Amino acid sequence: FKSVVVVSEAITSGRKLLSASIKLKALDSDSVICYIIGFSKFPTLEASEQLRKDLEQGGHNLVILKYAPMWFVPDFLDT
């Protein structure tokens, strides 16, 4: 039985967490993975929920301490 805690201070897209989750699939099937996020900056609640569904497959946990939607601004629009 193994447990892993993945901690991230802030996320904006979840790509790195999804990449980590793919690598962690090599653990035993009875392993527990808990993702703890300090600050979620997803542009929409739907994007955050999709990440939750993806990461919680297999009975794992995702804990986001604070949500703050932030809209994407392309570099060419920076002021």
Side-chain angles (χ1 to χ4, degrees):
F1 184 75
K2 299 176 186 174
S3 295
V4 176
V5 176
V6 178
V7 179
S8 178
E9 60 188 34
I11 57 172
T12 55
S13 70
R15 284 184 300 213
K16 291 182 182 179
L17 283 178
L18 288 172
S19 176
S21 75
I22 291 169
K23 293 174 183 172
L24 291 171
K25 287 185 181 189
L27 294 174
D28 293 335
S29 61
D30 62 343
S31 299
V32 176
I33 304 171
C34 182
Y35 302 90
I36 300 176
I37 311 304
F39 191 74
S40 170
K41 302 186 293 183
F42 280 104
T44 66
L45 185 57
E46 291 81 14
S48 178
E49 285 304 312
Q50 183 60 52
L51 179 66
R52 177 180 303 282
K53 289 176 188 175
D54 292 342
L55 293 177
E56 290 185 344
Q57 287 181 1
H60 306 302
N61 298 308
L62 173 64
V63 178
I64 298 176
L65 303 177
K66 182 72 176 171
Y67 289 95
M70 295 192 178
W71 298 271
F72 175 73
V73 177
D75 292 337
F76 62 86
L77 292 180
D78 286 346
T79 57

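Remember, predicted model here, so these are calculated numbers, not experimental data.
- Taking CD of Glu49 as the start and OG1 of Thr44 as the end, the distance is 10.0 Å to the nearest 0.5 Å.
- Using a 4.5 Å cut-off between side-chain heavy atoms of Ile, Leu, Val, Met, Phe, Trp and Tyr, with links allowed through other members, Leu27 and Leu18 fall into the same hydrophobic cluster.
- Summarising the geometry, atom CG belonging to Asn61 is positioned 6.5 Å from atom CD belonging to Glu56; distances are rounded to the nearest 0.5 Å.
- Minimum heavy-atom separation, Leu62 to Arg52: O-NH1, 3.0 Å.
- Taking all atoms of both residues into account, the shortest heavy-atom contact from Thr12 to Phe42 is O-CD2, 3.5 Å.
- Contact of the Leu51 side chain with the Leu17 side chain is registered, since non-hydrogen atoms from C-beta on lie closer than 4.5 Å.
- Looking at Ser8, its side chain never comes within 3.5 Å of a backbone N or O of Ile11 through a donor-acceptor pair.
- The heavy-atom pair separating Gly38 from Leu65 by the smallest distance is O-CB, 3.6 Å.
- Taking CG from Leu55 and OG from Ser21, the interatomic distance works out to 5.5 Å, rounded to the nearest 0.5 Å.
- Annotation: side chain of Val5 is in contact with side chain of Val7 (closest heavy-atom distance under 4.5 Å).
- Hydrophobic clustering (ILVMFWY, side-chain heavy atoms < 4.5 Å, transitive): Ile33 and Ile36 are in distinct clusters.
- Of all the heavy atoms in Ser31 and His60, the pair that sits closest is O-CE1, 3.6 Å.
- Residues Val32 and Val4 have side chains not in contact (no heavy-atom distance under 4.5 Å, counting atoms from C-beta outward).
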